[in-house]
Q: 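Okay, handing you the structure first.
One is the number of the first residue; the rest follow in order along the sequence. For clarity, every value in this text was computed on a predicted model and none was experimentally measured.
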Amino acid sequence: MSVGATSEAEVASIIAQGGRRGEIYSKLYKIRQRYAGLIRELFPQIPRRVSGYNLDELLPEKGFHVARALVGTEGTCAIVLEAKLKLIHSPQHRTLVGLGYEDAFSAADHVPEILRFGPIGLEGFEGSIVDGLQRKGSAKPGSPSCGSRVFAGGIWG
């Protein structure tokens with residue numbers, strides 16, 4: 001089954017055709033219809049979000065994009081057997097900035113501010129993960145202890 005952006009007319013046609021694909025689209029459509037208000041209100045506006053259930057991609061203004069909705073489900077909803085990719089230039093030199101926060105919630109609150117600098121990657125870690133790596137000798141010791149860390153990669157100079 002191929003998935004991607006789907007017009008409202010295409011969604012209706014797929015559902016009407018029935019079968020497994022129609023069943024899947026029907027259930028996704030019902031989720032969107034039932035929770036659209038909450039999705040619009042509560043889902044963060046973060047570009048390139050690749051973790052979690054990206055239900056906002058099912059909204060009409062996002063084109064009922066099933067592929068993007070599945071991206072962050074990490075195999076819990078679908079297994080990708082084939083994909084078309086849009087490759088981007090990989091710069092020769094990059095910078096990595098590590099930021100420490102009291103907890104994951106504080107780190108998440110600062111994501112929109114960090115995004116203003118245009119990072120090419122952004123990853124958050126609970127402090128205990130990095131602390132454990134330091135104890136095992138797998139991470140550079142000496143960084144301050146904190147509840148959560150955000151690593152931002154970019155091309156800044």
Q: S2: what forms a side chain to side chain donor-acceptor pair (under 3.5 Å) with it, not counting sequence neighbours?
A: none
Q: Holding to side chain to side chain donor-acceptor pair (under 3.5 Å), I want the full list of residues that pass it with E61, two or more places apart in sequence or in another chain.
A: R40
Q: So which atom in F43 and which in Y53 form the shortest heavy-atom distance, rounded to 0.1 Å?
A: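 Closest heavy-atom pair between F43 and Y53: CE2-O, 3.1 Å.
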Q: Where is the tightest heavy-atom contact between L70 and T73, given as atom of each residue plus distance?
A: O-OG1, 2.8 Å
Q: Out of curiosity, T6 OG1 to Y29 OH, how far, rounded to the nearest 0.5 Å?
A: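 If I round to the nearest 0.5 Å, the distance is 12.5 Å.
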Q: For E82, give me all partners under salt bridge (charged side-chain N to carboxylate O under 4.0 Å, His left out), at least two apart in sequence or on another chain.
A: none
Q: Applying side chain to side chain contact (heavy atoms under 4.5 Å, CB included) to K62 and D56, what does each step give before you reach the verdict?
A: CA-CA 7 Å; K62 298 278 188 116; D56 58 322; 3.2 Å; yes
Q: Can you list the residues that meet the side chain to side chain contact (heavy atoms under 4.5 Å, CB included) rule with L38, with sequence neighbours excluded?
A: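 Residues passing side chain to side chain contact (heavy atoms under 4.5 Å, CB included) with L38: Y35, E41, L42.
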Q: Considering only residues two or more places apart or on different chains, which pairs with a residue in residues 7-22 satisfy salt bridge (Lys or Arg N to Asp or Glu O under 4.0 Å)?
A: E8-R32, R20-E23
Q: Roughly how far apart are I39 CD1 and E57 CD, rounded to 0.5 Å?
A: 11.0 Å
Q: For V3 and Y25: C-alpha separation, side-chain torsions, deciding distance, then whether side chain to side chain contact (heavy atoms under 4.5 Å, CB included) applies.
A: CA-CA 10 Å; V3 295; Y25 273 71; 3.8 Å; yes
Q: Tabulate below the donor-acceptor pairs under 3.5 Å that side-chain atoms of residues 110-118 make, not counting sequence neighbours, or state none.
A:
| from | atom 1 | to | atom 2 | distance (Å) |
| --- | --- | --- | --- | --- |
| H110 | ND1 | S106 | O | 2.8 |

Q: Checking the side chain of D103 only, and the main-chain atoms of F105 only, is there a donor and an acceptor separated by less than 3.5 Å?
A: yes
Q: If you take all heavy atoms of L58 and A69, which pair is closest and at what distance?
A: CD2-CB, 3.9 Å
